[in-house]
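We name chains A, B, ... by the order of the sequence lines, and we start the count at 1 in each one.
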Number of protein chains: 2
Amino acid sequence: MGSPPDISLDRSSPVPLYFQVAAQLEHAIIDGALAPGARINNEIAMAAELGLSRPTMRQAIQVLVDKGMLVRKRGVGTQVVHGKIRRSVELTSLFDDLSAAGKRPRTEVLALDLIAATDEISSELQIAAGARVWSLERLRYVGDEPLAHMHNVLPAEVLDLSSVDLAQVGLYAALRQAGVLMRVARQRIGAKRAETREARLLHERRNAPLLTMQRTAYDDAGHAVEYGAHAYRPDLYAFELTLVDR
Amino acid sequence: MGSPPDISLDRSSPVPLYFQVAAQLEHAIIDGALAPGARINNEIAMAAELGLSRPTMRQAIQVLVDKGMLVRKRGVGTQVVHGKIRRSVELTSLFDDLSAAGKRPRTEVLALDLIAATDEISSELQIAAGARVWSLERLRYVGDEPLAHMHNVLPAEVLDLSSVDLAQVGLYAALRQAGVLMRVARQRIGAKRAETREARLLHERRNAPLLTMQRTAYDDAGHAVEYGAHAYRPDLYAFELTLVDR
DNA sequence: GTCAATACTTTGTCAGGACATATTGACGTA
DNA sequence: TACGTCAATATGTCCTGACAAAGTATTGAC
């Protein structure tokens, strides 16, 4: 068994105990104090050391199992996953992703219009055909190079996009600021040829391969709040994710 | 509150109670007995009706929350997610996926060799350079059309691939049959141009866009058991996934 | 030395209980 | 009508306790 990392709990904090433990274990893994392949102490002993109940300890460990950082085996114990963990699948925007990766994304708003939803859009967003929606077209740059061409559609009543500085704020951050809690997204990742306009926007040749993603995002009441169709330059972007089989 | 679906429990079954409940709730959602947007009964009442403890009921619901089929809100209740749920992100092979989708996948093995791991392969699989690995190259068809060109590499000691009928059995099924429990995979999805040979294999034009995926899969002890590099025809395949923000 | 049985270890499942927190609706007041 | 307050509702967190199941180590017999 590995020696336990230094975990301290603040019982007066509003942050749940299980979350505090999970966060500190996660740091220990990321910092290397818990090495890949290392066995951590058993959950009964750890719970006793920290003065927690076992289900609380289990819940903390489960958070990291879900992130793919720990694996558990009945009769054996819990081990740090070998190999580099990139990130779990998360419901974040490209702006959030690039920012988190230390890249300074820059956004150019190509068009923002309040339009009537087409049949396709109304079907995706499950709203009445002809309902008012924001249609937002943007280019996202990293450095001097355009990385993504993005078209997003949102029901008008979700938020007033005209009052958001979309060159500075990612779309999802704006939704969060407006109190929209996104909980579920359906996503489809594919590839296509760059058409003439899009190729020009993305500094690629016509017919160059582009990585594509369509997404419909739903809030915590289950209402569709965004439909997006994005195209990315594959030399500048890829979807990296860690899958965990429970 | 919606009326509770008809849930029956077999307490003599080895299947955990929480799993039985989750499965039946899932069927109720898929069959339409629980409509999108519908509120399900509160967890305390449901636990009482089923003669379960509340944590067990919570665990069942959590399974479906993790699958993106239910959303929970404190003070309000638990609701079926609006919108069609495709599937959660799962650690499955393309063969499994296509089979589950009712498509009859056909496989053509192009090459199977026992080779010495290159530096790149040994780095990905975290094995010694020069160690023995299986190198497997295949084409996967749906109907008469090739859908994917796949190259997979596995450490030799994981299983003996030469004794597997890879035209009939998916690679992951073979690993499972050999007792390998895959738990975590790192995946990278991108796009590229089809090179000459690959284009010919996939019945595409040279330089056509292909959807790509590289994957390293780890077993439940954290050992890398597979590295794969796949290319798909984007007209025949896309990655569809449902993200859940917990 | 090998193999089978047993004991030990550790996670998985389940129960019952209590309190905290967020949400919503009803009601009262200005 | 609008706003504030309060109670009811429902999930979120945490605790104690017990048994089951899977994996590993140890021991004894051959």
- [ ] Hey, which sits more toward the 5' end of DNA chain D by its nearest nucleotide, B/Ile61 or A/Leu17?
- [x]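 The residue whose closest nucleotide sits nearer the 5' end is B/Ile61.
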
Report the nucleotide, chosen from [options], that has the shortest atom-to-atom distance to any side-chain atom of [X].
X: A/Pro16; options: D/dC15, C/dG12, D/dT13; value: D/dT13
X: A/Gln59; options: D/dT13, C/dT13, D/dG12; value: D/dT13
X: A/Ser53; options: C/dT11, D/dT13, D/dT16; value: D/dT16

Open item on the list: Taking pairing as Watson-Crick or G-U wobble with both contacts under 3.5 Å, can you name the mate of C/dG25, or confirm there isn't one?
Closed with: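 D/dC6 - that is the nucleotide pairing with C/dG25, both distances being under 3.5 Å.
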
Round to the nearest Å and state the distance from [X] atom [atom1] to [N] atom [atom2].
X: A/Met46; N: C/dT9; atom1: CE; atom2: C1'; value: 17 Å
X: A/Tyr18; N: D/dG12; atom1: OH; atom2: P; value: 9 Å
X: A/Asn41; N: C/dT11; atom1: CG; atom2: C1'; value: 13 Å
X: A/Glu43; N: C/dT9; atom1: CD; atom2: P; value: 15 Å

Open item on the list: Within the 4.0 Å heavy-atom criterion, would you say A/Pro55 contacts the bases, only the backbone, or no part of the nucleic acid?
Closed with: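 Answer is base: heavy atoms of A/Pro55 come under 4.0 Å of a base.
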
Open item on the list: What contact category does A/Ile44 fall into here, base, sugar-phosphate, or nothing, at under 4.0 angstrom with non-hydrogen atoms?
Closed with: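 The answer is base, as A/Ile44 lies within the cut-off (heavy atoms under 4.0 Å) of a base atom.
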
Task: Pairs where residues 112-121 of chain B contributes a residue and the test side-chain hydrogen bond (donor to acceptor under 3.5 Å, both in side chains) is met, not counting sequence neighbours - done: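 Sorted result for residues 112-121 of chain B: empty, none.
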
Open item on the list: Test of understanding: with side-chain hydrogen bond (donor to acceptor under 3.5 Å, both in side chains), list the residues that count as partners of A/Thr56, not counting sequence neighbours.
Closed with: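 Listed in chain order: A/Ser53.
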
Task: Non-neighbouring partners of B/Thr107 that pass side-chain hydrogen bond (donor to acceptor under 3.5 Å, both in side chains), sequence neighbours left out - done: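 Per chain and number, B/Thr107 pairs via side-chain hydrogen bond (donor to acceptor under 3.5 Å, both in side chains) with B/Arg140.
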
Task: Partner of B/Met46 by side chain to side chain contact (heavy atoms under 4.5 Å, CB included), out of B/Leu52, B/Asn41, B/Thr78 - done: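 Of the listed options, the one satisfying the test is B/Asn41.
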
Atom pairs, protein N/O to nucleotides 18-23 of chain C N/O, distance under 3.5 Å:
| residue | atom | partner | partner atom | Å |
| --- | --- | --- | --- | --- |
| C/dA18 | N6 | B/Arg54 | NH1 | 3.3 |
| C/dT21 | O4' | B/Arg74 | NH1 | 2.8 |
| C/dT21 | O3' | B/Arg74 | NH1 | 3.0 |
| C/dT23 | O4' | B/Arg74 | O | 3.4 |

Only pairs under 3.5 Å count here: list side-chain donor-acceptor contacts from residues 7-14 of chain A, not counting sequence neighbours, and write none if there are none.
| residue | atom | partner | partner atom | Å |
| --- | --- | --- | --- | --- |
| A/Asp10 | OD1 | A/Ser12 | N | 3.0 |
| A/Asp10 | OD1 | A/Ser12 | OG | 2.7 |
| A/Asp10 | OD1 | A/Ser13 | N | 3.4 |
| A/Arg11 | NH2 | A/Gly51 | O | 2.6 |
| A/Ser13 | OG | A/Val15 | N | 3.0 |

Task: Pairs meeting criterion salt bridge (Lys or Arg N to Asp or Glu O under 4.0 Å) with involvement of residues 54-64 of chain B, two or more places apart - done: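 Qualifying pairs, neighbours excluded: B/Glu43-B/Arg54, B/Glu43-B/Arg58.
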
